[in-house]
Amino acid sequence: MTDILWQGKYLEVRRDGTWEFVARVGGMGAAVILAVTDAREIVLVEQVRRSLGKPTIELPAGLIGDDGDFDPAAAAARELDEETGFTARDWDCIGEFATSPGMSSEMFTLFRATGLTRTGAGGGVAGEDITVHVVPLDGIAGWLVAQRERGCVIDCRLIAALGLV
């Protein structure tokens, strides 16, 4: 039997026997977007993550269900637009993946977005302070090294998704 030890608005801590883990409240998941322009550039976001106390370089992403709509594709389209200012003509659902299965039950759905059009500045919603980066894929390795040197944390989902471009 799983016990809820603590619950907040988006997260809860659970115990199953002696194992403790984190879960999203209400079964929310996440949509993660591998967005690639026609010019072979990857669209990335940077924001300070309070859990790390540092800026992170990530694929655009957001919660599925935090607005009451549990459609992963709708969440992906909304988050791509909000965070980056891009919309996509073509969407490919790659599948569902675990973020950190030893400590979290969270799953994310990975989408590939192509046929991109820039329709706004991005930056996220109030308080997110997202910086958008559009980086040529040919130079991504060196660019990521430079970001790490300036103190950024690189999200492992980005590294894994590069093999899908």
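The structure displayed is predicted, hence computed values, not measured ones.
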**Asked** Is a salt bridge present between E58 and R49, judged by a nitrogen-to-oxygen distance below 4.0 Å?
**Response** yes

**Asked** Checking side chain to side chain contact (heavy atoms under 4.5 Å, CB included) for the pair L11/R24: CA distance, chi angles, key distance, verdict?
**Response** CA-CA 5 Å; L11 296 174; R24 289 280 183 196; 3.7 Å; yes

**Message:** Looking at T56 and Q47, would you say the former's side chain and the latter's main chain have a donor-acceptor pair under 3.5 Å?
**Reply:** yes

**Prompt:** Under the side chain to side chain contact (heavy atoms under 4.5 Å, CB included) criterion, do F86 and D81 qualify, and how do the steps go?
**Reply:** CA-CA 5 Å; F86 280 92; D81 180 47; over 6 Å; no

**Item:** Gap separating the CG atom of D3 from the CZ atom of R15, nearest 0.5 angstrom
**Value:** 7.0 Å

**Prompt:** Does the R118 side chain pair with the main chain of G120, one donor and one acceptor, at a distance under 3.5 Å?
**Reply:** yes

**Asked** With distance as the sole test, does R112 use its side chain to make a donor-acceptor pair with the main-chain N or O of L164 at under 3.5 Å?
**Response** yes

**Message:** Can you confirm if the NZ or CZ of R157 lies within 45° of the ring axis of F97 and under 6.0 Å from the centre of its six-membered ring?
**Reply:** no

**Asked** Hey, what do you get for CG (L158) to CG (L34), rounding to the nearest 0.5 Å?
**Response** 8.5 Å

**Test item: T119 side-chain N/O and G85 main-chain N/O as donor-acceptor pair under 3.5 Å** = yes

**Complete:** Checking L59, T84, I33, I64 against E79 for side-chain contact (heavy atoms from CB on, under 4.5 Å), the one that qualifies is I33

**Prompt:** Is there a donor-acceptor contact under 3.5 Å from the side chain of W19 to the main chain of G102?
**Reply:** yes

**Message:** Using 0.5 Å steps for rounding, measure from the OG1 atom of T114 to the CG atom of L116.
**Reply:** 7.0 Å

**Request:** Could you tell me the separation between the OG1 atom of T99 and the CD atom of E106, rounded to the nearest 0.5 Å?
**Result:** 4.5 Å

**Request:** Would you confirm whether E128, through its side chain, and V125, through its main-chain N or O, come within 3.5 Å as a donor-acceptor pair?
**Result:** yes

**Message:** salt bridge (charged side-chain N to carboxylate O under 4.0 Å, His left out) for R150 and E46? Distances and angles first, verdict last.
**Reply:** CA-CA 12 Å; R150 72 177 184 88; E46 175 182 339; 2.4 Å; yes

**With R78, the salt bridge (Lys or Arg N to Asp or Glu O under 4.0 Å) member among D67, D69, D71** = D67

**Item:** Stepwise side chain to side chain contact (heavy atoms under 4.5 Å, CB included) test for L137 and E41
**Value:** CA-CA 5 Å; L137 283 165; E41 301 159 315; over 6 Å; no

**Asked** Hey, does the side chain of E83 reach the backbone of A61 with a donor-acceptor pair shorter than 3.5 angstrom?
**Response** yes

